[in-house]
Amino acid sequence: MSTESIPVTVNGKVAIVTAPGYVNEKSAEAISEECSGLINDGVSLVLIDMRDCRMVNSVGVAIIIEIIEVLDEQGGSLSFCRLSETIAKTFQIMGLKELAGMYSDQEEALAALAAA
Amino acid sequence: MKTDDVDLSIPMLPDMELTATTVAESLGAFIGLEATKIDEVKMALIEACINAFEHSRSHERRIDLSFKISDKALTITISDGGDGFNMDDALRRIEEKRDKGEKRGWGLTLIAELMDEVDIASSPSGTLVKMSKYR
Ligand SMILES: Nc1ncnc2c1ncn2[C@@H]1O[C@H](COP(=O)(O)OP(=O)(O)O)[C@@H](O)[C@H]1O
Ligand SMILES: [Mg+2]
């Protein structure tokens, strides 16, 4: 597979990152790099839109959990929206539900992040 | 080998686990497994394959998969021809890693949680993961 480019848009204080179809070690590293860049730019609220993501693996998710810790240290947070049922279950098993916000869509997530 | 089994051999190369999931997906649909259950099977299968890639130390660097279908279940066996592992030792290492705040060590848990029945047999001639999802 070619190197993934991770689309990022900024909405107010929140950076919205679109996850690729498969979150494995390689694509999670790419997401992590994007987030490091965002943090350097002073952004600490990140929303990962999972609309295109069909599959994840535990190695990729472990990298995502490390991103959460870095954002936390900056006083920020990581949230997700549009998770498939099975990815939501996987996140729940791995304890992500306690570490990150889970929203049904971007609108709901952005409203919650603006209010926080 | 039963006549209605499907066999597949994949090399231990990046993303090859996705090739295995396409077979699981089509066979799951063939026996009428609902979409969410098929997704759970695919996710568990990915974990079993990447464990074989990462940990088996197989010389052949191939995984043999067998997909067994019936009107009741889809059963997949994943055989890596590696040098095996001890489950108790692995579980202890996972505990230690979690205590140290490391994020890895979720694959076996995910397989157990996402499938209905899992049996792992490991010996110095390889690891065999057998997992079933019921309709
Ligand atoms: N097919 C395998 N061959 C050899 N060892 C394995 C295999 N599958 C799992 N293991 C062992 O079990 C441990 C736990 O696996 P897992 O729960 O997937 O976590 P992780 O892969 O992140 O370490 C591995 O670190 C490895 O020691
Ligand atoms: Mg693993």
Side-chain angles (χ1 to χ4, degrees), chain A residues 1-5 19-33 35-36 48 50-73 78 80 82-100 102 104, chain B residues 11-26 28-29 33-55 78 90 93-95 97-116 118 129 131 133:
Chain A
M1 250 186 232
S2 61
T3 319
E4 328 231 10
S5 82
Y22 183 30
V23 173
N24 57 5
E25 181 169 19
K26 198 168 115 208
S27 62
E29 291 287 3
I31 292 173
S32 178
E33 269 175 41
C35 289
S36 301
I48 301 186
M50 299 288 282
R51 104 186 139 222
D52 297 335
C53 184
R54 303 317 314 157
M55 288 289 131
V56 299
N57 73 34
S58 63
V59 181
V61 178
I63 293 165
I64 304 277
I65 297 175
E66 282 170 0
I67 303 173
I68 297 177
E69 292 188 346
V70 177
L71 289 169
D72 265 352
E73 283 164 20
L78 184 69
F80 293 92
R82 292 198 269 192
L83 297 152
S84 79
E85 203 177 315
T86 305
I87 294 174
K89 185 169 179 175
T90 302
F91 280 8
Q92 186 234 316
I93 296 165
M94 291 183 69
L96 255 84
K97 290 247 159 116
E98 285 79 54
L99 305 173
M102 305 284 164
S104 53
Chain B
M12 294 184 180
L13 292 173
D15 290 339
M16 272 297 150
E17 68 275 20
L18 298 179
T19 301
T21 66
T22 61
V23 176
E25 176 154 27
S26 79
L33 216 53
E34 60 188 71
T36 312
K37 290 188 177 186
I38 293 177
D39 272 355
E40 290 172 354
V41 171
K42 288 166 70 182
M43 212 82 98
L45 181 54
I46 285 173
E47 294 299 329
C49 289
I50 63 174
N51 273 350
F53 294 177
E54 226 183 348
H55 307 300
I78 300 104
R93 279 199 305 273
I94 287 172
E95 279 297 315
K97 281 186 193 170
R98 293 216 182 130
D99 289 345
K100 280 192 282 176
E102 284 177 33
K103 313 296 176 264
R104 293 288 308 271
W106 286 99
L108 294 175
T109 306
L110 286 172
I111 293 170
E113 296 276 331
L114 295 170
M115 298 301 289
D116 293 322
V118 179
V129 178
M131 51 188 214
K133 188 68 147 184

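Proteins come first, then strands; the chains are lettered A, B, ... in the order of their sequence lines, and each starts at number 1.
For A:Glu69, the part lying under 4.5 angstrom from a heavy atom of chain B is the side chain only. Interface remark: B:Glu54 contributes side-chain atoms only to the contact with chain A (heavy atom separation under 4.5 Å). Residue contact with chain A, scored on non-hydrogen atoms closer than 4.5 Å, involves the side chain of B:Glu47 exclusively.
Expressed to the nearest 0.5 Å, how far CD1 of A:Ile31 lies from OG of A:Ser36 amounts to 12.0 Å. Atoms OG1 and CG, on A:Thr86 and B:Leu110 in that order, are 11.5 Å from each other to the nearest 0.5 Å. Note that the CG atom of B:Leu114 and the NZ atom of A:Lys89 stand 6.0 Å from one another [nearest 0.5 Å]. Interatomic distance, B:Met43 CE to B:Ile111 CD1, rounded to the nearest 0.5 Å: 12.5 Å.
Residues meeting the side chain to side chain donor-acceptor pair (under 3.5 Å) test with A:Arg54, sequence neighbours left out: none. Annotation: side chain to side chain contact (heavy atoms under 4.5 Å, CB included) contacts of A:Glu33 (sequence neighbours excluded): none.
Between A:Cys35 and A:Val70 there is no side-chain heavy-atom pair separated by less than 4.5 Å.
Note on B:Glu102 versus B:Lys100: salt bridge recorded, some NZ/NE/NH1/NH2 to OD/OE distance being below 4.0 Å.
For residues 91-99 of chain A, a heavy-atom distance under 4.5 Å to chain B picks out A:Ile93, A:Met94, given by residue number. The contact list for residues 60-67 of chain A toward chain B, using heavy atoms and a distance under 4.5 Å, reads A:Ala62, A:Ile65, A:Glu66 by residue number.
Under 3.5 Å, the side chains of A:Asn24 and A:Ser27 contain a donor-acceptor pair of N or O atoms.
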Stepwise, does the side-chain contact (heavy atoms from CB on, under 4.5 Å) test hold for B:Asp15 with A:Tyr22? CA-CA 9 Å; B:Asp15 290 339; A:Tyr22 183 30; 3.8 Å; yes
If you apply the rule side-chain contact (heavy atoms from CB on, under 4.5 Å), what do you find for A:Leu78 with A:Asp72, and how did you get there? CA-CA 8 Å; A:Leu78 184 69; A:Asp72 265 352; over 6 Å; no
